[in-house]
Amino acid sequence: MQTTYDEEIRLLVDGEWTLGTSGKSSDLYNPATGEVIGSVPHASTGDLDHALDATAKAFKVWKNTTPAERGAILNRAAELMEKDIDRIARILTMEGGKTLSESKWELTFAIESLRWYAEEGRRAYGRVVPGRILSHRQLVLKEPVGPSAAFAAWNYPSSNVIRKIGGGLAAGCSIILKPAEETPGTAIAMARCFIKAGLPAGVLQIVFGVPAEISNYLLASPVIKKISFTGSTAVGKLLQTQAAQTLKRCTLELGGHAPAIVNHDADLEKSVATLATLKFRNAGQACVSPTRFYVHENVYNEVVRLFSERASKLRVGSGLEDGIEMGPMIAQRQRERIHGMVEDAIGKGSSLALGGRPMDGKGYFFQPTVISDLAPDARIQTEEPFAPVASFMPFRTVDEAIERANATSYGLGSFVFTRDAEFAHRCEAELEVGMVGVNNTMLSTPETPFGGINESGYGHEGGIEGVDAYQRTKTVSELFY
Ligand code: NAD
């Protein structure tokens with residue numbers, strides 16, 4: 001197995017791979033070892049001006065390319081990504097920490113999403129509305145919104161990126177992408193596929209730097225008409241405020257704190273297996289990761305026991321090694337943060353059923369952790385853990401489960417496990433979230449819209465909504481005498 005980091009990290013500006021002109025860079029770490037594996041060049045304001053100029057020019061080219069031609073290029077890029085999947089998966093694992101099989105699964109999803117967008121871009125139908133007088137035609141046209149800026153998070157470095165640029169490119173937008181500085185190589189490896197597939201220069205550009213400096217600069221520019229951001233709620237609010245100055249459209253995919261409600265009639269073994277698999281995927285660093293487990297009091301002890309037993313058997317280690325089921329957290333700061341949150345919960349009277357501590361040795365590993373009887377005033381009740389930590393609480397009635405599940409400012413994913421259709425329908429209708437999984441956790445497919453409400457943001461990626469997010473509507477009233 002090759003274990004060297006096999007990608008050159010560059011900016012992509014106006015069709016050229018470049019180190020930029022700032023002379024500045026930041027180190028890239030492998031979270032499984034804490035070792036430096038690369039250097040990420042930072043764009044200067046001159047580089048950003050160049051990229052803004054190029055994106056404006058490229059937009060004119062790309063929007064005048066037919067949707068079928070655009071789709072053909074995206075499909076070719078998807079094919080090239082598929083051919084290079086083993087190499088890209090290793091890059092993803094080395095910079096992001098997840099296991100190789102998770103990286104391949106994520107890349108497969110990204111490729112499928114790209115193919116979906118390639119097709120869906122051809123269906124920018126608009127509509128014809130009957131006129132008020134004969135020979136009067138009213139047309140509703142869909143147009144690309146314009147040059148866009150996309151800011152992706154590190155936790156899903158391929159699917160996060162493709163969900164943004166796939167929708168934008170399919171709609172006919174040019175895009176300046178700032179992938180996460182923690183996971184630059186995955187985006188670069190994928191961008192190489194787009195260039196090889198024939199994407200014109202400047203249509204997709206990549207910049208890195210100090211995130212706030214890059215977003216300040218790009219958001220102040222009138223060239224950029226739309227932003228799409230995946231990351232924390234705090235940063236999302238900041239970007240929306242900045243975007244307001246030039247009235248840019250926003251798609252904000254922000255944090256989550258997903259409730260998982262397990263009723264007494266659920267298939268307990270299956271529910272626990274399904275929820276534990278999602279919980280510990282990417283070491284819990286997923287925005288739809290189940291975090292607050294509400295279990296009916298009649299089966300509460302049994303579910304906590306089954307879940308802890310399963311979590312205790314997880315093989316934790318470097319994602320490059322065979323048989324590993326959970327990798328490290330992305331950085332020391334994230335590991336310290338969750339350790340503090342677990343200590344806070346225990347200090348306030350919650351019980352620790354499993355784990356609770358950073359693991360000894362190299363890298364940023366944290367023990368799979370199960371907290372039971374989570375204290376009502378524990379920080380983890382309201383703050384997103386984003387870590388391999390599951391907190392359990394018993395409930396008695398459906399009303400109580402729904403009320404407690406809704407007691408957070410977030411509203412992204414949620415899960416319900418029950419055989420009782422009435423119980424499920426109450427949850428589907430009353431949970432304050434963007435997505436509900438009933439007896440399954442498949443909230444993310446290329447064909448369906450993914451997104452949240454309340455402080456989890458707004459707008460969607462995936463589904464027809466994922467293309468629509470990059471389109472604007474023009475009404476034409478036509479009358480010929
Ligand atoms: P973060 O918001 O600090 O960072 C997320 C990404 O945003 C990083 O790539 C970072 O470089 C970038 N960023 C930070 N400040 C920025 C700024 N001022 N301008 C532009 N980009 C900026 O959050 P984090 O703690 O690193 O990431 C985890 C958060 O992301 C969690 O809250 C998680 O729920 C959220 N997230 C949401 C989704 C979703 O689809 N809803 C997906 C993944 C992650």
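When a ligand or atom number is given, it counts from 1 through the structure's own listing order. Numbers here simply count residues along the sequence, with the first being 1.
Ionic pairing of Asp14 and Lys57 is not present here: no N-O contact between side-chain nitrogen and carboxylate oxygen is shorter than 4.0 angstrom. Taking 4.0 Å as the cut-off between side-chain N and carboxylate O, Lys142 and Asp468 count as a salt-bridged pair. Using a 4.0 Å cut-off between charged side-chain N and carboxylate O, Arg163 and Glu253 make no salt bridge. The pair Arg281-Glu325 does not count as a salt bridge, with every side-chain nitrogen at least 4.0 angstrom from each carboxylate oxygen. The residues Arg333 and Glu336 are annotated as not salt-bridged, no charged nitrogen and carboxylate oxygen being separated by less than 4.0 angstrom. Taking 4.0 Å as the cut-off between side-chain N and carboxylate O, Lys348 and Asp344 count as a salt-bridged pair.
Annotation for ligand 1: atoms under 4.0 Å from non-hydrogen atoms of Ala180 are 9 (O). Remark: ligand 1 atoms within the under-4.0 Å shell around heavy atoms of Ala212 are 17 (C), 18 (N). Which parts of ligand 1 touch Leu239 is read off a 4.0 Å heavy-atom cut-off, strictly below it: atoms 19 (N). Shown in contact with Phe450 at under 4.0 Å from a heavy atom are these atoms of ligand 1, numbered in order with element: 40 (O). Near Gly256, the atoms of ligand 1 lying under 4.0 angstrom from a non-hydrogen atom of the residue are 34 (O). Annotation for ligand 1: atoms under 4.0 Å from non-hydrogen atoms of Leu412 are 41 (N). Counting the atoms of ligand 1 from 1 in the order shown, those under 4.0 Å from a heavy atom of Glu384 are 31 (C), 32 (O), 33 (C), 34 (O). The ligand atoms of ligand 1 that sit less than 4.0 angstrom from a heavy atom of Glu181 are 11 (O).
Residues that satisfy the side-chain contact (heavy atoms from CB on, under 4.5 Å) test with Gln240, not counting sequence neighbours, are Leu252, Tyr458. Ala153 meets the side-chain contact (heavy atoms from CB on, under 4.5 Å) test with Asn155, Asn160, Thr230; sequence neighbours excluded.
Of all the listed residues (Phe386, Tyr410, Trp154), Trp154 holds the heavy atom that lies closest to atom 26 (O) of ligand 1. Of the listed options Gln334, Glu213, Glu253, Gln334 places a heavy atom closest to atom 25 (O) of ligand 1. Considering each of Val235, Thr233, Thr230, the one bringing a non-hydrogen atom nearest atom 15 (N) of ligand 1 is Val235. Distances from atom 2 (O) of ligand 1 to the heavy atoms of Gly434, Ala149, Ser232, Ala331 put Ser232 nearest. Distances from atom 8 (C) of ligand 1 to the heavy atoms of Ala152, Gly209, Gly231 put Ala152 nearest. Relative to atom 38 (C) of ligand 1, the option among Pro157, Cys287, Gly255 with the closest non-hydrogen atom is Cys287. In this comparison of Ser215, Ser444, Ala286, the heavy atom closest to atom 17 (C) of ligand 1 sits on Ser215.
Ligand 1 is never approached by Gly451 to a heavy-atom distance shorter than 4.0 Å. Using a 4.0 Å cutoff on heavy atoms, Glu461 does not count as a contact of ligand 1. Using 4.0 Å as the threshold, Glu383 has no heavy atom nearer than that to any atom of ligand 1. Taking a 4.0 Å cut-off on heavy atoms, Phe229 registers as neighbouring ligand 1. Within the 4.0 Å heavy-atom shell around ligand 1 one does not find Gly452.
In this structure a side-chain-to-backbone donor-acceptor pair under 3.5 Å is present from Lys248 to Leu219.
The nearest protein atom to atom 44 (C) of ligand 1, hydrogens excluded, is given as Asn155 ND2, 3.4 Å; this is a heavy-atom distance. The shortest contact between atom 37 (C) of ligand 1 and any protein heavy atom is with Leu254 O, 3.0 Å. Of all protein heavy atoms, the one closest to atom 22 (C) of ligand 1 is Pro211 CB, 3.4 Å.
Heavy atoms of Lys178 found under 4.0 angstrom from ligand 1 belong exclusively to the side chain. When heavy-atom distances to ligand 1 are checked against a 4.0 Å cut-off, Arg333 comes that close only through its side chain, counted from C-beta outward.
Contact between Ala189 and Ile88 at its shortest, heavy atoms only, is CB-CG1, 3.9 Å. Between Ser103 and Thr93, the shortest heavy-atom distance links the atoms OG-OG1, 2.7 Å. Of all heavy-atom pairs spanning Tyr156 and Glu106, the tightest one is C-OE2, 3.0 Å.
When only interatomic distances are considered, the shortest N/O to N/O separation between Asn160 and ligand 1 does not fall below 3.5 Å.
Ring centers of Phe392 and Phe307: under 6.0 Å apart, within the cut-off. Taking the six-membered ring for Trp and the full ring otherwise, the centers of Phe386 and Trp154 sit less than 6.0 Å from each other.
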Exercise for the section: Could you check Ile9 against Phe208 for side chain to side chain contact (heavy atoms under 4.5 Å, CB included), going step by step and ending with a plain yes or no? Expected result: CA-CA 10 Å; Ile9 305 171; Phe208 298 106; 4.0 Å; yes

